[in-house]
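One structure, pasted below without further comment.
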Amino acid sequence: MQIKEKLNQLIAEAAHKAGIALEEPRVVEAGKPEFGDYQFNGAMPLAKTLKRNPRQIAQALVEALPQNEIIAKAEIAGPGFINLTLSAEWLAERLKEASSSERLGVGRRKEPQTVVVDYSSPNMAKQMHVGHLRSTIIGDSLANLFAFLGDEVIRQNHIGDWGTQFGMLIAYLEELGEGAEGSLHDLEEFYKAAKKRFDEDEAFADKSREYVVKLQGGDVRCLHLWEQFIDKSLGHCEEVYSKLHVKLSREDVRAESAYNDELAEIVSDLEAKGLLKQSRGAKVVFVEGEENPLIIQKSDGGYLYATTDLAAIRFRVQVLGAKRISYVVDARQAGHFKQVFAVARMAGYAPEDVELEHVSFGMMLDKSGRPFKTRDGGTVKLIELLEEAVERAKEAITQKEAYDEEELEKIAEIVGIGAVKYADLSINRESNYIFDWDRMLSLEGNTSLYQQYAYARIQSILRKYEGEIEGHVTIGDELERRLALKLLQLEDILHLAAREATPHTITAYLYDLATLFMKFYENNPILRSDVPEDLRQSRLIFAQTTARTLRLALELLGIKVLDRL
RNA sequence: GCGCCAGUAGCUCAAUUGGAUAGAGCAUCAGACUUCGGAUCUGAGGGCUAGGGGUUCGACUCCUCUCUGGCGCACCA
């Protein structure tokens with residue numbers, strides 16, 4: 001149910017009827033309950049252009065509102081606000097409708113577009129660390145969201161599997177020979193050991209460099225070693241993805257190396273289009289307003305990640321048919337993407353109708369505001385962080401309840417991972433993010449556990465009630481009105497979150513919803529024997545729809561829920 | 001030096017993209033129950049939105065300057 005769109009239409013019709021020129025009216029949710037449910041603030045800006053009193057304009061709009069069953073009350077307030085209150089009957093009927101729909105009344109986009117979401121993108125030379133966490137979590141939730149709203153989503157894991165360090169790594173892998181399998185268990189150690197050999201042994205270093213050339217030249221032996229290495233490294237990533245409940249698979253991997261054969265052609269194409277310049281021995285493209293150019297080919301003939309990124313954009317637009325490409329990459333890359341996008345436009349790889357967006361996010365900091373590191377200053381391996389999350393979840397929940405071992409393991413896994421993801425997704429991604437175990441595993445406030453508890457509590461009610469839920473919705477008090485409205489706002493919220501690529505819009509909504517339900521539930525008994533059956537049916541629908549909404553939205557965020565906690 | 005981003009309650013975060021009296025949670029204090037799961041709910045205190053100037057009916061939001069912090073500034077990715 002897209003409520004705003006319906007209200008906008010009514011206002012637009014009113015404006016038309018009243019002879020007021022109004023492009024795309026936009027109602028917003030009311031700032032306070034006493035202002036009604038929605039408000040339209042467009043009369044004030046119109047006052048100037050029309051040279052009329054804003055209250056008069058508002059008055060004319062209200063009088064011209066067409067007959068409809070949605071708006072129960074339209075009032076003018078202050079300098080010219082139009083406050084709209086929706087009809088309780090209409091809300092009740094729509095809620096009933098949503099409750100009996102599989103998608104809770106959320107429609108699919110009429111004209112689906114192909115969206116590429118580029119996220120996670122680990123480097124194969126090393127183990128995944130906390131730096132990959134935010135991209136993986138945010139990207140996955142956005143991909144889920146776009147897909148649910150009806151877009152054709154293509155996940156792209158642009159893994160770093162190409163470059164000079166792989167010469168060193170495969171040379172070392174070869175040197176170890178048979179026993180190499182075990183050494184690859186810890187990539188961090190493997191990398192360090194290889195680097196040590198590289199620094200200490202000139203012959204080894206030469207061989208490494210030689211292997212880079214061979215590898216890029218397609219030497220079968222080197223390619224084989226490299227594949228072995230990548231396969232193992234990707235296996236580590238998959239372990240993390242599985243633990244994180246992230247839907248990335250090998251099919252979503254399109255590695256940097258996949259574009260290798262196109263790089264020379266990108267250069268000649270840019271040259272043919274007259275964009276390429278020589279500068280200090282390198283081939284570059286100058287972007288207006290930027291001091292430094294984007295380097296396409298190094299003076300030694302090598303290519304850079306900008307080149308690969310351009311090839312990737314071209315591939316995504318021309319082969320995959322992308323109309324929106326979302327790069328979920330940390331904020332430090334803003335300058336890089338700005339230039340790459342600009343060049344992609346100039347070269348025609350991304351025509352005007354293709355949206356290129358850098359979904360940037362801030363750094364992960366510890367409680368004292370410093371970059372998140374281990375005690376001795378090293379990078380925190382992602383897999384270890386997730387294991388710790390599960391362990392901490394165990395402690396947190398056993399303080400409240402006694403579980404048997406098997407049950408505890410299962411619950412802690414869902415609670416712990418959910419807490420890590422929710423904490424990340426619940427803040428505006430642009431700002432830096434303070435990672436705090438205690439807060440994310442708290443049972444109170446805007447946390448995943450609060451949502452999961454609300455969900456489990458409703459499930460408990462639904463279990464106790466054994467009959468069918470099939471009555472009508474009646475809106476009795478103000479809390480029920482607000483709850484009904486909140487439930488029906490789901491689609492508007494999802495669209496907003498998708499358009500802005502802001503998962504925290506959804507978590508904020510969920511928190512509102514869960515607290516609102518708790519209040520409703522505190523005041524409006526459902527199963528108590530003195531509640532008349534028709535009222536009970538209505539309240540059961542509220543409860544059930546709330547639970548389904550919580551579940552749906554949490555699952556879009558990649559967070560699992562449990563019927564019992 | 002140039003550029004980008006941020007600065008909101010003691011702490012962690014919101015604020016529907018320029019709307020009405022800036023909202024939540026944590027923490028603090030005070031309440032509610034013979035609990036449909038109290039892992040809950042109700043209430044109180046706490047703010048010159050870093051600071052100055054401007055734009056207008058109206059500014060946390062836009063412009064400008066200053067301060068503070070983070071990050072980026074060509075052959076790594």
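In what follows, chains carry the letters A, B, and so on, assigned in the order in which the sequence lines appear, proteins first and then strands, with residues in each chain numbered from 1.
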Inset, instruction - Look at the aromatic rings of A/Tyr259 and A/His158 and report parallel, tilted or perpendicular, splitting at 30° and 60°. - result: tilted
Inset, instruction - Taking atom P in both B/G53 and B/C13, compute the distance separating them and give it to the nearest angstrom. - result: 30 Å
Inset, instruction - Please state the C1' separation for the pair B/A39 and B/A22 - nearest whole angstrom. - result: 30 Å
Inset, instruction - Using a 90° cut-off around 0 for syn, call B/U17 syn or anti. - result: syn
Legend entry - Partner nucleotide, any strand, of B/G3 [Watson-Crick/G-U, under 3.5 Å]: B/C71
Inset, instruction - Starting from P on B/G19, measure out to CG on A/Asn41 and report it in whole angstrom. - result: 7 Å
Legend entry - A/Met518, nearest nucleotide to its side chain (from B/U40, B/C36, B/A74): B/U40
Legend entry - Distance between C1' atoms of B/G7 and B/A30 (Å, rounded): 34 Å
Inset, instruction - Look at the side chain of A/Ile427 and decide which nucleotide, out of B/U12, B/U40, B/C13, has an atom nearest to it. - result: B/C13
Inset, instruction - Establish, from distance only, whether the side-chain atoms of A/Asp477 and A/Asn524 form a donor-acceptor pair under 3.5 Å. - result: yes
Inset, instruction - Give A/Glu256 one of three labels, base, sugar-phosphate or nothing, depending on what nucleic acid heavy atoms sit under 4.0 Å from its own. - result: sugar-phosphate
Legend entry - Distance test, side-chain N/O of A/Tyr433 to OP1/OP2 of B/G70, below 4.0 Å: no
Legend entry - C1' atoms of B/U40 and B/G25, separation to the nearest Å: 15 Å
Inset, instruction - Give the nucleotide from the list B/A74, B/A14, B/U16 with an atom nearest to the side chain of A/Arg26. - result: B/U16
Legend entry - Given B/U40, B/C76, B/C36, the nucleotide with the shortest approach to the side chain of A/Lys464: B/C36
Legend entry - B/C60 and B/A77, which share atom name C1', separated by this distance in whole Å: 37 Å
Inset, instruction - Let me know, please, whether A/Trp162 or A/Phe35 comes out on the 5' side of the other along RNA chain B by nearest nucleotide. - result: A/Phe35
Legend entry - Atom C1', compared across B/U61 and B/C5: separation rounded to whole Å: 16 Å
Inset, instruction - Only one of A/Tyr327, A/Tyr305, A/Phe341 passes ring pair (Phe, Tyr, Trp, His ring centres under 6.0 Å) with A/His336; say which it is. - result: A/Tyr305
Legend entry - Side-chain H-bond candidate by donor/acceptor type, A/Gln399 with A/Glu395, under 3.5 Å: no
Inset, instruction - Measure the distance from CG on A/Leu485 to C1' on B/U16 and round it to the nearest whole Å. - result: 13 Å
Inset, instruction - Look through every strand shown and name the nucleotide pairing with B/G46 as Watson-Crick or G-U wobble, where both distances are under 3.5 Å. - result: none
Inset, instruction - Report the distance from atom CZ of A/Arg536 to atom P of B/C36, rounded to the nearest whole Å. - result: 14 Å
Inset, instruction - Tell me whether the OP1 or OP2 atom of B/C57 has a side-chain N or O from A/Lys48 closer than 4.0 Å. - result: yes
Inset, instruction - From the options B/G25, B/A74, B/A20, select the nucleotide whose nearest atom is closest to the side chain of A/Asn83. - result: B/A20
Inset, instruction - Tell me yes or no: between the side chains of A/Tyr191 and A/Gln127, is some donor less than 3.5 Å from an acceptor? - result: no
Legend entry - A/Asp512-A/Thr515 side chain donor-acceptor pair, cut-off 3.5 Å: no
Inset, instruction - Tell me which nucleotide among B/A14, B/A74, B/C36 gets nearest to the side chain of A/Pro293. - result: B/A74
Scan the side chains in residues 277-295 of chain A for donor-acceptor partners under 3.5 Å anywhere in the protein, sequence neighbours excluded, and list what turns up.
| residue | atom | partner | partner atom | Å |
| --- | --- | --- | --- | --- |
| A/Glu290 | OE2 | A/Lys338 | NZ | 3.4 |

Inset, instruction - Searching all strands shown, indicate the nucleotide that pairs with B/C26 (Watson-Crick or G-U wobble; both distances under 3.5 Å). - result: B/G10
Inset, instruction - Take atom P in B/U42 and the same atom in B/U66, then report the distance between them in whole Å. - result: 47 Å
Inset, instruction - Please check the phosphate of B/G37 (OP1 and OP2 only) for any side-chain N or O of A/Arg463 closer than 4.0 Å. - result: no
Legend entry - Residues in contact with RNA chain B, drawn from residues 488-515 of chain A - heavy-atom cutoff 4.0 Å: A/Glu500, A/His504, A/Tyr511
Inset, instruction - Report yes or no: is the cationic atom of A/Arg254 (NZ for Lys, CZ for Arg) under 6.0 Å from the centre of the six-membered ring of A/Phe315, at an angle within 45° of the ring normal? - result: yes
Inset, instruction - Please give the nucleotide sitting opposite B/G58 as a Watson-Crick or G-U wobble pair, both distances under 3.5 Å, or none. - result: none
Inset, instruction - May I ask you to evaluate whether A/Lys4 reaches the phosphate of B/U16, defined as a side-chain N or O under 4.0 Å from OP1 or OP2? - result: no
Legend entry - Euclidean distance, atom CD1 of residue A/Ile458 to atom P of B/U35 [Å, nearest integer]: 21 Å
Inset, instruction - Could you check A/Ile434 against A/Gln333 and say which one's nearest nucleotide on RNA chain B is further toward the 5' end? - result: A/Ile434
Legend entry - Check: A/Ser257/A/Asp161 side-chain N/O donor and acceptor closer than 3.5 Å: yes
Inset, instruction - Quickly work out the A/Phe40 CZ to B/A20 P distance and round it to whole Å. - result: 16 Å
Legend entry - Options B/C71, B/C41, B/G19, nucleotide nearest the side-chain atoms of A/Arg332: B/C71
Legend entry - Distance-only donor-acceptor check, side chains A/Thr502 and A/Thr505, under 3.5 Å: yes
Inset, instruction - Kindly state whether the pair A/Tyr521 / B/U40 counts as stacked, where counting means centroids closer than 5.5 Å and planes tilted less than 30° apart. - result: no
Legend entry - Whole-angstrom distance between B/A20 and B/U34, as gauged at atom C1': 46 Å
Inset, instruction - Please indicate yes or no: is the ring centre of A/Tyr453 less than 5.5 Å from the centre of the six-membered base ring of B/G37, with the two planes inclined by under 30 degrees? - result: no
Inset, instruction - Return the nearest nucleotide to the side chain of A/Arg564; candidates are B/G37, B/C57, B/G72. - result: B/G37
Legend entry - Parallel, tilted or perpendicular, as decided by the 30° and 60° cut-offs, for the rings of A/His132 and A/His129: tilted
Inset, instruction - Side chain of A/Glu401 only, please: which of B/A14, B/U42, B/G37 is the nearest? - result: B/G37
Inset, instruction - Go through B/A74, B/G37, B/A27 for me and flag the one nearest to the A/Ser279 side chain. - result: B/A74
Inset, instruction - Kindly say if A/Lys32 contacts the phosphate of B/G23, meaning a side-chain N or O under 4.0 Å from OP1 or OP2. - result: yes
